[in-house]
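Scroll down for the structure; my scribbles are underneath it.
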Amino acid sequence: MSFIRKKSMEFLKSFEVPAKNPSEEAQRRWRDAVGTLVKNRRRRFRMVPDLDKRSQAETQRRKIQEKLRVALFVQKAALQFIDAVRKTEHPLPELARQCGFSVSAEELASIVRGHDTKSLRFHNGVDGIARKVAVSLADGVKSDDAGLRAEVYGANQYTEKPPRTFWMFLWDASQDMTLLLLAFCAAVSVAIGLATEGWPSGMYDGVGIMLTILLVVMITAASDYKQSLQFRDLDKEKKKIDVQVTRDGYRQKVSIYDIVVGDIVHLSIGDQVPADGLFIDGYSFVVDESSLSGESEPVHVSTANRFLLGGTKVQDGSARMLVTAVGMRTEWGNLMETLSQGGEDETPLQVKLNGVATIIGKIGLAFAVLTFTVLMARFLLGKAGAPGGLLRWRMVDALAVLNFFAVAVTIIVVAVPEGLPLAVTLSLAFAMKKLMQERALVRHLSACETMGSASCICTDKTGTLTTNHMVVEKIWASGAAQTMSNAKGFDQLTSSMSETFAKVLLEGVFHCSGSEVVRGKDGRHTIMGTPTETAILEFGLAVEKRARIEHTGAGKLKVEPFNSVKKTMAVVIASPSAGGRPRAFLKGASEVVLSRCSLVLDGTGNVEKLTDAKAKRVASAIDAFACEALRTLCLAYQDVDGGGGDIPGEGYTLIAVFGIKDPLRPGVREAVATCHAAGINVMARSLPLDKHTLVTNLRGMFNEVVAVTGDGTNDAPALHEADIGLAMGIAGTEVAKENADVIIMDDNFSTIINVAKWGRSVYINIQKFVQFQLTVNVVALMVNFISASFTGSAPLTIVQLLWVNLIMDTLGALALATEPPNDAMMKRPPVGRGDNFITKVMWRNIVGQSIYQLVVLGVLLLRGKSLLQINGPQADSLLNTFVFNTFVFCQVFNEVNSREMEKINVFSGIFSSWIFSAVVGVTAGFQVIMVELLGTFANTVHLSGKLWLTSLLIGSVGLVIGAILKCIPVESGSDASDRHDGYRPIPTGPSAV
């Protein structure tokens, strides 16, 4: 036994793949290990990437990138020569002319795609292009014209593979080789039966098998199709991206798929460029084109280089863009076609269960061969002793041999658990759909599974543990701190500052900002930007209202957007309060800005020297704000000589210190406590570099399963490196979301706990299903083999075995793999890396239940007639029907038993999963129909009420056996696999310190 276990463990090592970014070598290794023992390759590997297609797609992607690289980096002279040789005319379509446009879609697309500066100059630059597409650069597209523009210039949609229909899934389900063999046997059986027994009795057995095969195929296809619809809905959610545009003169958010040619798009750090376009204006604008060209060097976009390609990422700065090409007229559209090829990486649990299915399949094949051999041997021995011996063969003999072969094939159908790896997909699809309702979008299948093993969560405080709705709670200005959360504080502030001070303060607040105050169609002000910037701008609007002083618009001469490394942002404006002269403003982390100040502005507007004593008082105010859990920012300014060149590094005049409050989210304390109870450490880190270093060390040195949150572009490396990257859906940039495995749609830490809970639920549900299926497998194989050995016939017919296979495969997966999580799952530590999936407790339950069922069924087969007082001409049929009925009800109650692997009360929360209740009800109901109404096809006869009650009682005793088994202690070991669910106990006592 230990030898077999050792060999099994060695074999299963081929089925170990990392949860994230598995190598092609590891992926091919487990596929090769599966071998040819697969009943239905099309279905079993439906959710597994096609590595050959993926390789072809990668080759195609590289070709597109090479084409772009040539277009972007070959010398100008060569490009001009190529353009001269290949100059293409782009006639204006009549529809475009009638709609008032004077440039074709193809010509617009070619200008940006080829970085054709000559053509851009020919059209009089961006202003000329705007006129030809009939759009105002100030007011943008008219919303009423968007549909017309999409008709003329195309929609921002990409070519996608058409969704698979139900008939495709039906075709896949019918490709099961064992079912095809059984269908062939059934057809031969019908032919022989009609020849020997005539119509209609000769066709019953064969037609019964065919109808059962059809039922199996239909139910399997329906289940798979339902899963595909769930994944299709999730894919739609994944592709939802909103961008900011100016339409009808107002700034607003629209879906990336609603972008049309002529739209004015606002871009900032972390955004994905939604389409091809031209730079209108902006500051320090840098994009990453590596996703298209493969080149890692950032590209500076300005009035000297106006070309922007869809699919690239904004690395720094902000800008406005005029959209010139959308959808499949962009290179990104062509690339998107290749990116969808090959499928998503398989999950570790899917791979592991493929290994388990392969081992069980080999055992089942051996039993099928043994059963066929025993049946044939007994048949031949019997025939040898009959008149005519082995030389005389009749149609009835051929039918008997065909039946033996069909039984052997059916044993393979039952024994090879194709449903094991597919149950993971079913459970994940169900969990992902539920998580979507709970505001968590799972981008990668493996993330939901891996999150159940998370032992450490590195999270941001701002926006995740807090509400992310910030307000200026306190401000230090004019030498004193004031509280802004009440009217008295505002009155004290406005009364203590002069008009000069107020103008400088408001200039800094409104112009030194990456956000913008926009007026909506209803006339109300809306602030577009980050929560921190929003808080300061809301403060500025309140000051304007109370002090009756409005800030004046000013031209920006130079902008340095906020950068998490520098921790500051800066701007140079032509200041109205300084007579139009250049003035620089600096805003950012308090300790950074304060260190660059040498002066301070008092309440009267006069500038004073920032002495050491005054600097200490400011630092004390900053510390006091921080002690009240306020986020602090400093604002400073400096008048600049000359024409507004470089932004000064020091010598600034301090204006104010802001203390910004971000209240703790409701339920966060309880969520963190839940994490601790679940053995999950929670660490709050703010710097992206800290996160990446921490994640690397925790995974490498301590073998932790690490989840990390992030929302900024600089968080992308940590999100990519972590076992589970969690991006914020509200505050997160598109770059952060693209590198994440799960998007937390409401930015709430409690939602992260729900993801962990569902991840654990997936793992435990699959364990329940495996325990149930292995028990059915063992009993079905042994019953048929033992019966064949002793009686020369299989007690379970082909139709009955197919029904049993449906119960334990598709229906069993539906019942057990979709149970919702419970709070008890978060009161145990997480699963460790490399823990055994089938635990000792599971083996205890499988072996115990199998022994009980085998003993009961064996006694019934050998002594059933006398025990049940069955006699008469139908005694054999009645006994076989009773054995079949008892076997099925043993599995129904075994299914209920499998809901809890260690708890005695298996009925707790049973009605919380309507799917489980429905499956059990349908199974029991259809069993009645098979026995009482479909006897001709299912080889069953009518059972009396007494026999029905006896079947139910024998099956229900399995619940008592299950309770007794759970009282048997399982030997404890040092590893996590000794617990029923693979969880290792939390260390306690002095030795744990």
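We number each residue from 1, following the sequence as shown.
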With side chains defined as the heavy atoms from C-beta onward, is the minimum distance between [X] and [Y] less than 4.5 Å?
X    : Y    : answer
H300 : F285 : no
I752 : I744 : yes
I655 : F501 : yes
P582 : I573 : no
L267 : P274 : yes
W476 : L654 : yes
E734 : I241 : yes
L719 : K737 : no

Would you compute the distance between atom [atom1] of [X] and atom [atom2] of [Y] and round it to the nearest 0.5 angstrom?
X    : Y    : atom1 : atom2 : value
D263 : M321 : CG    : CE    : 8.5 Å
D602 : T604 : CG    : OG1   : 3.5 Å
L557 : Y283 : CG    : OH    : 8.5 Å
C458 : E704 : SG    : CD    : 9.5 Å
I536 : L635 : CD1   : CG    : 7.5 Å
L506 : L537 : CG    : CG    : 11.0 Å

Main-chain N/O of [Y] paired to [X] side chain as donor or acceptor, under 3.5 Å:
X    : Y    : answer
K474 : V472 : no
T246 : G249 : no
R581 : A574 : no
D139 : S136 : no
K587 : C512 : yes
D723 : A707 : no
Q252 : R247 : yes

[X] and [Y]: which non-hydrogen atoms are nearest, and at how many Å?
X    : Y    : result
I743 : R443 : CD1-CD, 3.6 Å
V657 : C634 : CG2-SG, 3.5 Å
A718 : V708 : O-CG1, 3.4 Å
I269 : P561 : CD1-CB, 4.4 Å
A440 : V755 : CB-CG2, 3.7 Å
V509 : S513 : O-CB, 3.8 Å

(message) If we check side chain to side chain contact (heavy atoms under 4.5 Å, CB included) with V245, which of these qualifies: V254, V141, I264?
(response) V254
(request) Start with the C-alpha gap between F307 and N305, add the side-chain angles, then the distance that decides, and say whether side chain to side chain contact (heavy atoms under 4.5 Å, CB included) holds. (result) CA-CA 6 Å; F307 305 107; N305 172 32; 3.6 Å; yes
(request) Verify side chain to side chain contact (heavy atoms under 4.5 Å, CB included) between R665 and D747, making sure each step is shown before the conclusion. (result) CA-CA 10 Å; R665 284 184 182 271; D747 292 11; 3.5 Å; yes
(message) Before we go on, tell me: are the rings of Y637 and Y652 under 6.0 Å apart, centre to centre?
(response)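 No - the distance between ring centres of Y637 and Y652 does not fall below the 6.0 Å cut-off.
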(message) Quick test of your reading of the model: are K503 and E507 salt-bridged, counting only N-O distances below 4.0 Å?
(response)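 Result for this pair is no, no salt bridge flagged.
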With a 3.5 Å cut-off and no angle check, do the side chains of [X] and [Y] form a donor-acceptor pair?
X    : Y    : value
S590 : T632 : yes
D746 : T751 : yes
Q638 : T653 : no
E289 : T312 : no
S143 : D248 : yes
S577 : R583 : yes

In this structure, are over 12 heavy atoms from other groups packed under 6.0 Å from [X] atom [atom1]?
X    : atom1 : result
K614 : NZ    : yes
K556 : NZ    : yes
E608 : CD    : yes

(request) Test side chain to side chain contact (heavy atoms under 4.5 Å, CB included) on M470 and K661 and set out the steps. (result) CA-CA 6 Å; M470 301 187 186; K661 182 180 180 180; over 6 Å; no
(request) Under the side-chain hydrogen bond (donor to acceptor under 3.5 Å, both in side chains) rule, what do H266 and S318 come out as? Steps first, then yes or no, please. (result) CA-CA 8 Å; H266 299 260; S318 60; over 6 Å; no
(request) Show your working on salt bridge (charged side-chain N to carboxylate O under 4.0 Å, His left out) between R631 and D662 and close with a plain yes or no. (result) CA-CA 8 Å; R631 187 176 186 179; D662 190 5; over 6 Å; no
(request) Go through the steps to decide whether D281 and R320 satisfy the test salt bridge (charged side-chain N to carboxylate O under 4.0 Å, His left out), and finish with yes or no. (result) CA-CA 6 Å; D281 51 40; R320 291 193 307 150; 2.8 Å; yes
(message) Run the side chain to side chain contact (heavy atoms under 4.5 Å, CB included) test on V299 and V286 for me, step by step, so that the C-alpha distance in whole Å, both residues' side-chain angles and the decisive distance to 0.1 Å come before the verdict.
(response) CA-CA 6 Å; V299 177; V286 179; over 6 Å; no
